[in-house]
Amino acid sequence: MKQDLQLYNTITRKKELFKPLNAPHVGMYVCGPTVYSDVHLGNCRTFISFDLIFRYLKYSGYKVRYVRNITDAGHLEGDRDEGDDKFAKRAKLEQLEPMEIVQKYTLGFHDVMRVFNTLPPSIEPTATGHVIEQIEMIKKIIDNGYAYEVDGTIYFDVEKYSQKYNYTILTNRNLEDMLANTRELGGQDDKHGRLDFALWIKAKPETLMQWTSPWGMGFPGWHIECSAMSAKYLGQEFDIHGGGMDLAATHHTNEIAQSEACSHHQPAKYWMHTNMLTVNGTRMSKSAGNGFLPGELFTGNHPLLRKGYSPMTVKFFMLQAHYRSTLDFSNDALDASEKGFRRLMNAVSLLPKLVASEKGEVEIDPLRVNCENAMNDDFNSPVVIAELFEAARIVNTVYDGTLKISTAELDKLRTLMHDFIFEVFGLKDEETSNTELNEVLDMVIALRKDAKENKDYATSDMIRVGLQNIGIQLKDSKDGTTWSKS
Ligand code: AMP
Ligand code: ZN
């Protein structure tokens with residue numbers, strides 16, 4: 001177990017030593033997608049960041065129960081209980097049942113997560129599957145005096161809650177200012193206070209998804225699902241709660257309030273937030289219309305794109321930024337990531353071909369220590385990538401014979417690269433996993449060998465130069481010909 005993992009806690013606004021409540025077990029809850037439309041690349045960044053955290057906790061020896069929900073009901077267009085139901089609106093638009101919408105976009109989300117080679121969470125609960133738990137929780141909040149009913153809708157009483165608890169614990173904002181800012185919204189006369197939010201919303205006769213409750217037919221508010229499901233699967237107090245930074249001010253603030261009002265416990269010890277993927281400095285979002293779909297990026301079929309980029313290039317691009325920094329999308333940055341990722345994969349493909357010497361000139365332990373120190377420093381993946389490039393440099397210099405490595409150090413180099421590139425980062429080698437390309441190149445290399453043996457140098461050169469032009473480099477040695485991407 002790596003005892004010295006420091007992670008940034010949004011609640012304390014500083015890095016803290018990670019001490020799980022019940023080591024080696026770790027409970028981690030991450031707010032999942034709202035499955036009324038395709039996930040965009042910004043959403044993917046958040047889930048890829050938490051996949052990195054999940055993977056590194058496992059690498060460190062923890063037994064992680066990772067719960068990531070699917071929001072499949074109760075999400076209105078506005079954050080504050082106004083606007084249309086996103087699922088109902090989409091269902092009408094696509095002329096489908098709401099649950100057909102949910103199924104369609106859940107499957108699409110899973111496909112995207114698989115393409116990015118992220119690990120599935122341990123539990124993936126849905127809001128619609130936990131309406132009973134949400135109703136039970138609302139009943140407790142009412143019994144404890146922190147919620148009230150207005151004509152079949154239940155509101156959380158923020159003012160009452162904030163007399164005992166800190167409603168702005170995540171954001172450090174001034175409650176008075178917040179009240180002043182929300183004053184403009186108006187039209188919410190049912191609520192006693194302007195910051196109050198709905199736990200349960202009364203259904204209209206035409207509401208497509210509605211359930212029976214002690215307060216009549218209705219549906220749960222968005223925030224209550226995560227409080228109910230995290231408590232059900234991780235307990236009233238668990239280790240890590242995460243999501244994108246945009247969720248901190250409302251959704252997570254309200255989650256904390258609900259859990260404290262229900263069970264008097266702050267639900268999570270560490271709150272972690274990933275920063276936003278931006279396009280020309282503006283947050284990527286569905287509503288801003290700048291939300292790239294992963295498929296558009298892979299094919300290059302988007303007006304802002306010069307060409308397509310492979311899923312692992314895109315993932316590598318994301319890992320090159322720290323999860324708490326904003327990451328701005330650009331063709332140039334993706335081009336650089338494509339080159340960097342290829343350089344790393346090239347080194348990986350050379351690893352089996354490296355030959356150890358009796359006496360080596362290089363030690364690998366410091367590299368592993370640097371990688372672990374970087375990850376222990378709030379999951380600093382860009383620093384790990386710099387160390388992996390150093391590992392790649394060692395591979396290349398051993399391969400070209402300018403550096404000697406002992407058998408023991410060569411073993412360490414291979415496991416280091418394997419552990420961090422594949423296990424912790426969850427990257428995969430798209431070239432070598434492409435068996436068809438391998439087979440075709442084996443055939444082309446065999447044809448070139450025949451041509452050379454027949455002294456048909458025009459053909460053998462044509463093959464070599466032709467491959468070079470499409471970025472494939474042939475290397476001849478006494479053991480035969482190998483290829484790599486240049
Ligand atoms: P949603 O499906 O809108 O509920 O979002 C799913 C997750 O993606 C949430 O954790 C959001 O905070 C996160 N998210 C949304 N937009 C972005 C973005 N541009 N960059 C990073 N994460 C985002
Ligand atoms: Zn949530």
Side-chain angles (χ1 to χ4, degrees), residues 10 28-53 67-79 83 86-87 90 101-102 105-106 108-109 112-113 116 118 121 124-127 130 134 137 170 197 220-234 238 240-259 267-268 271-294 297 314-315 317-318 321-329:
T10 312
M28 176 164 90
Y29 187 92
V30 172
C31 293
T34 308
V35 287
Y36 74 103
S37 65
D38 291 310
V39 281
H40 59 67
L41 214 62
N43 305 133
C44 295
R45 181 184 187 202
T46 287
F47 301 127
I48 289 172
S49 298
F50 282 102
D51 185 59
L52 173 75
I53 290 167
V67 183
R68 186 184 66 206
N69 69 301
I70 294 277
T71 296
D72 60 350
H75 202 160
L76 301 183
E77 286 192 315
D79 266 351
K86 289 181 172 178
F87 297 95
R90 194 73 184 203
I101 293 291
V102 164
Y105 292 109
T106 302
F109 169 61
V112 170
M113 288 294 98
F116 280 124
T118 63
E124 196 171 42
T126 60
H130 295 77
Q134 295 176 73
M137 191 163 187
L170 276 180
F197 57 91
W222 170 33
H223 316 298
I224 193 76
E225 66 170 276
C226 289
S227 295
M229 294 189 285
S230 60
K232 176 163 174 133
Y233 295 112
L234 298 173
F238 55 93
I240 298 173
H241 193 310
M245 249 175 212
D246 57 319
L247 298 185
T250 305
H251 183 53
H252 290 167
T253 291
N254 291 347
E255 269 189 57
I256 293 177
Q258 291 164 157
S259 296
W271 283 81
M272 300 183 71
H273 291 97
T274 53
N275 214 326
M276 298 291 106
L277 183 67
T278 57
V279 184
N280 297 324
T282 308
R283 180 189 146 197
M284 187 178 281
S285 76
K286 286 165 196 162
S287 51
N290 63 357
F292 284 92
L293 301 183
L297 199 65
V314 177
K315 187 168 182 178
F317 161 71
M318 292 185 183
H322 186 258
Y323 79 89
R324 276 192 295 116
S325 311
T326 52
L327 173 61
D328 199 47
F329 173 90

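Order of appearance sets the numbers: ligands from 1, and atoms from 1 within every ligand.
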Colleague: Asp246 near ligand 1, heavy-atom distance under 4.0 Å?
Modeller: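 Within the 4.0 Å threshold, so yes.
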
Colleague: What are the atoms of ligand 1, with element, lying closer than 4.0 Å to any heavy atom of Pro33?
Modeller: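 In order of number, 2 (O).
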
Colleague: With heavy atoms only and a cut-off of under 4.0 Å, state how Leu277 meets ligand 1: side chain, backbone, both or neither.
Modeller: both

Colleague: Can you find a heavy atom in the side chain of Val39 that is under 4.5 Å from one in the side chain of Pro33?
Modeller: yes

Colleague: Polar-atom distance check: Trp222 versus ligand 1, any N or O pair below 3.5 Å?
Modeller: no

Colleague: Please indicate whether any nitrogen or oxygen in Phe47 is less than 3.5 Å from any nitrogen or oxygen in ligand 1.
Modeller: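 No, Phe47 has no N/O under 3.5 Å of an N/O on ligand 1.
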
Colleague: Has His223 got an N/O/S atom less than 2.8 Å from the Zn ion (ligand 2)?
Modeller: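 Short answer: no, not a single N, O or S atom is under the cut-off.
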
Colleague: Would you mind running through ligand 1 and noting each atom that sits below 4.0 Å from a heavy atom of Gly244?
Modeller: 10 (O), 12 (O)

Colleague: Does only the side chain of Asn275 get under 4.0 Å from ligand 1, or the backbone, or both, or neither? Count heavy atoms.
Modeller: backbone

Colleague: Can you say whether the rings of Phe317 and Phe329 are parallel (under 30°), tilted (30 to 60°) or perpendicular (over 60°)?
Modeller: perpendicular

Colleague: Check the orientation of Phe47 and Phe109. Use parallel for under 30°, tilted for 30 to 60°, and perpendicular for over 60°.
Modeller: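 Geometry flag for Phe109 against Phe47: perpendicular rings.
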
Colleague: For Asn43, is at least one N or O under 3.5 Å away from an N or O on ligand 1?
Modeller: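 Min N/O separation from ligand 1 is below 3.5 Å for Asn43.
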
Colleague: Can you find an N or O of Met284 that's nearer than 3.5 Å to an N or O of ligand 1?
Modeller: yes

Colleague: Do the side-chain N and O atoms of Asn69 and Thr71 include a donor-acceptor pair separated by under 3.5 angstrom?
Modeller: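 Result is yes, a qualifying pair exists.
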
Colleague: So how far is it from Cys31 SG to Trp222 CH2, rounded to the nearest 0.5 Å?
Modeller: 7.5 Å

Colleague: Under 3.5 Å between any N/O of Thr34 and any N/O of ligand 1: does that happen in this structure?
Modeller: yes

Colleague: Of Ser49, Cys44, Gly42, which has the heavy atom at the shortest distance from atom 21 (C) of ligand 1?
Modeller: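 Closest candidate by heavy-atom distance is Gly42.
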
Colleague: Taking the Zn ion (ligand 2) as the vertex, measure the angle between atom SG in Cys226 and atom SG in Cys31; round to 10°.
Modeller: 130°

Colleague: Counting C-beta onward and ignoring hydrogens, is there a side-chain heavy-atom pair between Pro267 and Glu255 closer than 4.5 Å?
Modeller: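 Answer no - side chains too far apart.
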
Colleague: Which ligand 1 atoms are under 4.0 Å away from a heavy-atom of Leu247?
Modeller: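 In order of numbering, the contacting atoms are 9 (C), 10 (O), 12 (O).
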
Colleague: Parallel, tilted or perpendicular for His223 and Phe197, by the 30°/60° rule?
Modeller: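 Perpendicular.
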
Colleague: Are any non-hydrogen side-chain atoms of Thr10 and His252 less than 4.5 angstrom apart?
Modeller: no

Colleague: Kindly compute the distance separating CE (Met229) from CZ (Arg68), expressed to the nearest 0.5 Å.
Modeller: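 Met229 CE to Arg68 CZ: 12.5 Å, rounded to 0.5 Å.
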
Colleague: Which option wins on minimum heavy-atom distance to atom 22 (N) of ligand 1: Val30, Thr46, Asp38?
Modeller: Thr46

Colleague: Please verify the inter-ring angle class for Trp271 with His241; under 30° counts as parallel, over 60° as perpendicular, anything in between as tilted.
Modeller: parallel

Colleague: I'd like to know if the Zn ion (ligand 2) has an N/O/S atom from His252 within less than 2.8 Å of it, counting both backbone and side-chain atoms.
Modeller: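 No N, O or S atom of His252 is closer than 2.8 Å to the Zn ion (ligand 2), so no.
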
Colleague: Would you confirm whether Ser230, through its side chain, and Ser227, through its main-chain N or O, come within 3.5 Å as a donor-acceptor pair?
Modeller: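 Answer holds: yes.
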
Colleague: Looking at Met276, which atoms of ligand 1 are within less than 4.0 Å of one of its heavy atoms?
Modeller: 17 (C), 18 (C), 19 (N), 20 (N), 21 (C), 22 (N), 23 (C)

